[in-house]
Amino acid sequence: MSKTDFFPGVPKIKYEGPDSKNPFSFRYYNPEEKIGGKTMREILRFSLSWWHTMCADGTDMFGRGTVTKTFGSTDPMEHAKNKARAAFELMDKLSIDYFCFHDRDLAPEGRDLAECNEKLDEVAEEIAKLQKSQPAKVLWGTANLFNHPRYMHGAGTSPYADVYAFAAAQVKKCIEVTRKLGGDNYLFWGGREGYETLLNTDMGLELDNMARFLTMARDYGRKQGLKGVFFIEPKPKEPTKHQYDFDTATVFGFLQKYGLVEDFRVNIEANHATLAGHTFQHELATARVNGIFGSIDANQGDLLLGWDTDQFPTNVYETTLCMLEVLKAGGFRYGGLNFDAKARRGSFTLDDIALSYIAGMDAFALGLRKALEIREDGVLDRFVEERYSSYKQGIGARIVSGEATIEELEQYALNRGEVLDAVSSGRQEYLENELNRILFH
Ligand code: XLS
Ligand code: CA
Ligand code: CA
C-alpha cells in the first residue's frame with residue numbers, strides 16, 4: 001500500500017496562517033517557526049494516542065461503534081499492522097513526531113502470555129521498520145492492566161499474587177517493546193488500582209505492593225537502558241470509585257514515602273484534573289513546585305458531565321494557562337503534549353480525526369504564542385513579584401532564610417501593632433482583564 005491510502009481525504013497539513021479558511025491547514029502551528037528560542041515542534045512535542053486514534057470506534061455504554069477503523073483488513077494481525085501504517089501516515093500528514101501506546105493497542109491478545117508477547121513482537125517489528133523511513137518516536141509506552149477481567153480487582157494492587165505476577169510480566173514485556181521502539185519513558189495509569197469498598201480491602205498492603213511493583217519496573221527499565229523517566233498519571237475515579245493516584249499531590253506523597261521521587265514524574269491529564277475538583281493549571285503548578293512535572297495528556301472534559309469525556313482541547317484560555325505553566329517549569333524535558341482525546345461519537349469520519357487533531361494542535365500552538373506574550377508583557381509576573389516583596393527585606397527576609405524564630409516574630413508583632421495596613425488588594429478582576437487584553441488584542 002502506498003503511504004497515502006488510509007486517509008485519502010486528508011492532505012499533508014501545512015501552516016497557512018491565522019487568516020486561512022482552509023480547514024485542512026494550521027493557523028497557528030508552524031512546526032519549524034522559532035519562537036522563544038526553539039522551533040514550535042521542539043517546544044510542543046505533539047503526540048498521537050494509539051488507543052483513541054487507531055482503535056476506538058465510538059462504542060459507548062448505549063451503542064455500538066460509529067467509525068470504521070478496519071483499515072482495509074479483517075485478519076487481526078494484518079489489521080494491527082495496517083493500524084501502524086495508518087498511524088504513521090497520519091503522523092506524517094499532521095507533522096506529529098511522537099506516539100503513545102498500550103501494549104494491547106498495538107497487537108491483539110493471544111491465548112496465553114507467551115502468545116500475547118509473540119504477537120506484540122511481530123507488530124513492534126513492523127513499527128520499527130516504519131520508523132526507519134519516518135522519524136516517529138515513542139513518547140511513552142504503557143501496559144493495559146485494566147481491560148482484561150483478570151484485573152477486575154486491580155493489577156499491581158490485586159489481592160491475588162498470581163494476578164500481580166501476570167501484570168508484572170506484562171509490564172516487563174511492554175518495557176522491552178518501548179525500548180525496542182526507541183522509547184525512553186514508561187507510564188503507569190492505575191485504572192483498576194483502587195477500590196470500591198473497604199469492607200474487602202487491605203489498603204496498606206495494596207499500597208505497599210504497588211510501590212514494590214513500581215520499584216521492580218523501575219529497576220528493570222533502567223537495566224534495559226531506559227534513560228528517561230517513569231510517569232504516573234493521576235486520576236481520582238473511574239473506573240474504580242477510589243483510585244490511589246487521586247491527584248498530583250497524592251502521587252507526590254506516595255513517591256516520597258516509597259523513595260521513588262528521583263525516577264518518577266507525573267503525566268497530567270486536563271480531564272483528570274477537573275474530575276479531581278482541580279483546575280488543569282493547579283495540577284501543573286503542583287507538579288512544578290514539587291519538581292515532578294513530566295508530561296501532559298492534552299484533552300478537555302465537559303464540566304456539565306461528571307465523567308472522563310476525553311475531548312480534543314479547543315479552549316484557548318485553558319491551553320494558554322497550561323503553556324504558561326509548562327514554560328515556568330522550563331518546558332518539556334521528558335514528556336510532551338499527548339492527545340489523549342477522541343473525536344465525538346457523531347464525528348464519525350476518518351477526516352474528523354485529522355480535523356480534531358488540527359483543532360487541538362492549533363489550540364495549543366495559539367496557547368503557546370499567547371503564553372509567550374504574557375511573559376513578555378510581564379504584567380502578571382510583576383504583580384506577583386510585588387505582592388510577595390515583603391519577604392525580600394527585614395523580617396520577611398529573616399523568615400525566608402529560616403533565621404527567624406517564633407519568639408522573634410512575637411516580639412516583632414508586639415512592637416509593630418495592627419498589620420492590616422500591610423495588606424493590599426489581590427486585584428483578581430483587574431488581572432483577569434489584563435489576561436483578556438493580551439489574549440484578544
Ligand atoms: C484513562 C487514561 C489512560 C492513560 C493510559 O483515563 O487517560 O488512557 O492515559 O493508560
Ligand atoms: Ca490519559
Ligand atoms: Ca481521560
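All of these numbers come straight from a predicted model, not from anything done at the bench. Each ligand, and each atom within it, is numbered from 1 in the order the structure gives.
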Residues two or more places apart in sequence or in another chain: which of them pass ring pair (Phe, Tyr, Trp, His ring centres under 6.0 Å) with F26?
Y29

What are the distances between nitrogen or oxygen atoms of ligand 1 and protein nitrogen or oxygen atoms, counting only those under 3.5 Å?
{"unit_1": "ligand 1", "atom_1": "6 (O)", "unit_2": "K235", "atom_2": "NZ", "d": "2.9"}
{"unit_1": "ligand 1", "atom_1": "6 (O)", "unit_2": "H272", "atom_2": "NE2", "d": "3.2"}
{"unit_1": "ligand 1", "atom_1": "6 (O)", "unit_2": "D308", "atom_2": "OD2", "d": "3.1"}
{"unit_1": "ligand 1", "atom_1": "7 (O)", "unit_2": "E233", "atom_2": "OE2", "d": "2.8"}
{"unit_1": "ligand 1", "atom_1": "7 (O)", "unit_2": "E269", "atom_2": "OE1", "d": "2.8"}
{"unit_1": "ligand 1", "atom_1": "7 (O)", "unit_2": "H272", "atom_2": "NE2", "d": "3.4"}
{"unit_1": "ligand 1", "atom_1": "7 (O)", "unit_2": "D340", "atom_2": "OD2", "d": "2.9"}
{"unit_1": "ligand 1", "atom_1": "8 (O)", "unit_2": "W51", "atom_2": "NE1", "d": "3.4"}
{"unit_1": "ligand 1", "atom_1": "8 (O)", "unit_2": "D340", "atom_2": "OD2", "d": "3.3"}
{"unit_1": "ligand 1", "atom_1": "9 (O)", "unit_2": "E233", "atom_2": "OE1", "d": "2.7"}
{"unit_1": "ligand 1", "atom_1": "9 (O)", "unit_2": "E233", "atom_2": "OE2", "d": "3.0"}
{"unit_1": "ligand 1", "atom_1": "9 (O)", "unit_2": "D297", "atom_2": "OD2", "d": "3.1"}
{"unit_1": "ligand 1", "atom_1": "9 (O)", "unit_2": "D340", "atom_2": "OD2", "d": "3.1"}
{"unit_1": "ligand 1", "atom_1": "10 (O)", "unit_2": "H102", "atom_2": "NE2", "d": "2.6"}

The single option from E122, E126, E125 that satisfies salt bridge (Lys or Arg N to Asp or Glu O under 4.0 Å) with K180 is E125

Sorted by first residue and then second, give each salt bridge (charged side-chain N to carboxylate O under 4.0 Å, His left out) pair with at least one member in residues 350-372; sequence neighbours left out.
E33-R369, K370-E373

Short question: side chain of E42, backbone of T39 - any donor-acceptor pair under 3.5 Å?
yes

What's the separation between atom CZ in F231 and atom CZ in F188, rounded to the nearest 0.5 Å?
12.0 Å

Do the charged groups of R437 and E434 touch, with an N to O distance under 4.0 Å?
yes

Tell me, which protein N/O/S atoms are under 3.0 Å away from the Ca ion (ligand 3)?
E269 OE2, H272 NE2, D308 OD1, D308 OD2, D310 OD1

For the Ca ion (ligand 2), the closest N/O/S atom belonging to E233
OE2

Over 60° means perpendicular and under 30° means parallel, so classify the ring planes of Y244 and Y195, tilted if in between.
tilted

Residue of the set W189, W140, F146 for which ring pair (Phe, Tyr, Trp, His ring centres under 6.0 Å) holds with H102:
F146

Side chains of D340 and N299: is there a donor and an acceptor less than 3.5 Å apart?
no

With distance as the sole criterion, is a donor-acceptor pair present between the side chains of D103 and Q170 under 3.5 Å?
yes

